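Just so it is clear, the model here is predicted, and its values are computed rather than measured. Chain letters run A, B, ... following the sequence lines, proteins first, then strands; residues in each count from 1.
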Number of protein chains: 2
Amino acid sequence: MPGLTAVDEDDVSSAPRDGAPTADGADRPPAPGTAVPEAPAVPEATVARLPQYLRALSALAEAGSRTVSSEALAEAAGVGSAKLRKDLSHLGSYGTRGVGYDVEQLHRHIADRLGQAASWRVVIVGVGNLGHALAGYSGFASRGFTVVGLFDDDPAVIGRVVGGLRVRPLEEFGEVVGEPGSAIAVLAVPARHAQAVCDRLVAAGTRSVLNFAPTVLRVPDGVDVRKVDLASELQILAFHAQRRAAAPAHRPSAAGPRGATGAPAGPLLPHALHRVEEVV
Amino acid sequence: MPGLTAVDEDDVSSAPRDGAPTADGADRPPAPGTAVPEAPAVPEATVARLPQYLRALSALAEAGSRTVSSEALAEAAGVGSAKLRKDLSHLGSYGTRGVGYDVEQLHRHIADRLGQAASWRVVIVGVGNLGHALAGYSGFASRGFTVVGLFDDDPAVIGRVVGGLRVRPLEEFGEVVGEPGSAIAVLAVPARHAQAVCDRLVAAGTRSVLNFAPTVLRVPDGVDVRKVDLASELQILAFHAQRRAAAPAHRPSAAGPRGATGAPAGPLLPHALHRVEEVV
DNA sequence: AAGCGTTTGTGAACGCGCGCACAAAGTCGC
DNA sequence: GCGACTTTGTGCGCGCGTTCACAAACGCTT
């Protein structure tokens, strides 16, 4: 395999927006119990942006900034400043009025909220094409995630060492995940096996699943599933591309592409890049 | 490089292909006449769900169903039936009132709208960890996407053959992409190079980008960028997991898990699975 | 042909999230 | 200490998307 620098690094980033995150959907109506333990109730849309803010803050900290205005941080994260302020206010903001936000403090605060303080245990199930790549993905470690187990059912794969970890049979899954909910499972198995494997994971105490298989997973209440669907993303792009081709001339507004202003248009190609390999 | 069986599979079903090659066929229901191609204006949220519907339809077709009710299809796609009907109505629905939808016809219709009729050309930039996996991802081909080029800047990677394609230097990018907008670029390079590489791709005529790097890409108007951020997904799961840990007993409502009803709870583990390797 | 059950398509209400705009709050300069 | 400037925090209105509920449309049976 290609030797790659495991560089990783952070950056800046942001969420283009929303449009269509993954599945998502149905949120429960409120109202169950009586006394509510008092949930700060952070909107989902806000939660989805927190990682971006965190990355932007990391970059700023690395650049030496002590404080940031909502304007600057929003710019770095690619969102509107008002939205950012409102998002932060949901976390109980700690900004100073005439100054801005303390970079380090805000970073710590968001990191705490995202549970980054504790190093989350991640288990990758399905060490095939993608699972293999994920096992070697350095971006996880830098975000507080530690891959503690690789699982597969193929005898040809079991026993191999990937990214420093031995691939184990699914039967040993229970030995690796600790307390129910203490680990996040990454599902990278073929679609037709996804549900069955997911059931096993859940039975073993898994409460958080990141699903790469193009299938709708049925899980009991209390289990959180997020989906990453590569083919769907391409199909969505294809939809817009086709629409663009159909109505070439204009359609500047309407639906479609993410905003994004910048990009001085036709700048010359910035050459000096090397080692463009390691992923994301 | 891990030898993996390239098993794949996934869907199949009706042959998407048919007559009209690229260029938008005259599919539009109304408007034969004169001017405006008249954009039916399909909501973004709907577009994002079309791939799911398409998959569900593929499965149904394979299972032999001729027609489906909105109820059944919605169930298979994991959404509400009302939402599904409204979504389909945006495409100019072709359902029959007392019966439901013709599976094959609806499949063809959605596939057309997604541009699946024409086989989209996909270019992968950055053949590192993830790029390598994506190059071997068979799920693309089955959705009408053909990987026509692999690019990188690392001399150690250039020249290698991955998934039957030779990795070429970025300089040759222009030779592979055809008409502007005719290809979709998949960005799997380190975050710090993403913007620079993206600029080059756009300059070469790329109009659709799927970005795996955790960075905000600035692109000119008319360029569509979608982002897949693995670490963010984990962080969002971690947020919910932490919240759950904080208020253990309940919180069945609140934000969180995707809907999904089913899962008979604690079914015994379905054993007979083998070859759980190849990815998604 | 008429009635009945089924299922679509959609009008309308609801709720969430976004953006605007502004007052409160704090800093800096004098 | 006071005024002017800066920046946060948020109340309000708007638009999109979801959900409900129902009338119209269709097949099937009689």
K.L.:
For the pair made of CG in Leu91(B) and P in dG9(C), what is the distance, rounded to whole Å?
P.N.:
11 Å
K.L.:
Rounded off to whole Å, could you give me the NE2-to-P distance for the His90(A) and dG17(C) pair?
P.N.:
8 Å
K.L.:
Check every atom of dC18(C), dA21(C), dT18(D) against the side chain of Arg49(A) and return the nucleotide holding the closest atom.
P.N.:
dC18(C)
K.L.:
Scan Gly100(A) against the nucleic acid and name what it touches under 4.0 Å (heavy atoms): base, sugar-phosphate only, or nothing.
P.N.:
sugar-phosphate
K.L.:
Rounded to whole Å, how long is the line connecting atom CG of Leu106(A) with atom P of dT8(D)?
P.N.:
11 Å
K.L.:
Take atom CD of Glu44(A) and atom P of dC16(D), then tell me their distance rounded to the nearest Å.
P.N.:
22 Å
K.L.:
Could you give the CG-to-C1' distance, from Asp87(A) to dG9(D), as a whole number of Å?
P.N.:
13 Å
K.L.:
I'd like to know if the side chain of Ser69(B) reaches the main chain of Ala72(B), judged simply by a donor and an acceptor atom lying under 3.5 Å from each other, with no hydrogens or angles considered.
P.N.:
yes
K.L.:
Closest to the Arg97(A) side chain: dT18(D), dT8(C), dT8(D)?
P.N.:
dT8(D)
K.L.:
Taking the side chain of Lys86(A) as its heavy atoms from C-beta onward, which of dT18(D), dT10(D), dA23(D) lies nearest to it?
P.N.:
dT10(D)
K.L.:
Can you check the Asp102(B) CG to dT8(C) C1' distance for me, whole Å?
P.N.:
15 Å
K.L.:
Map Gly98(B) and Ala45(A) onto DNA chain C by nearest heavy atom, then report which one ends up closer to the 5' terminus.
P.N.:
Gly98(B)
K.L.:
Give the nucleotide from the list dG19(C), dT19(D), dT8(C) with an atom nearest to the side chain of Lys83(A).
P.N.:
dG19(C)
K.L.:
Within the pair Arg85(B) and dT18(D), is there a side-chain N or O less than 4.0 Å away from OP1 or OP2?
P.N.:
no
K.L.:
Any donor-acceptor pair under 3.5 Å linking the side chain of Trp120(A) with the backbone of Gly115(A)?
P.N.:
yes
K.L.:
How close or far is atom C1' of dT8(D) from atom CG of Leu84(A), stated in whole angstroms?
P.N.:
11 Å
K.L.:
Think Tyr101(B) has a side-chain N or O under 4.0 angstrom from the OP1 or OP2 of dC26(D)?
P.N.:
no
K.L.:
Leu187(B) and side chain to side chain contact (heavy atoms under 4.5 Å, CB included): which single residue from Leu210(B), Leu217(B), Thr215(B) fits?
P.N.:
Leu217(B)
K.L.:
Could you give the distance from OG1 (Thr206(B)) to CG (Asp199(B)), rounded to the nearest 0.5 Å?
P.N.:
11.0 Å
K.L.:
Would you say a side-chain N or O of Ser70(B) is under 4.0 Å from OP1 or OP2 of dT8(C)?
P.N.:
yes
K.L.:
To the nearest Å, give me how far apart CG (Leu73(A)) and C1' (dT8(D)) are.
P.N.:
13 Å
K.L.:
Determine the minimum heavy-atom distance between Ser81(A) and Glu71(A), stating which atoms define it.
P.N.:
OG-OE1, 3.5 Å
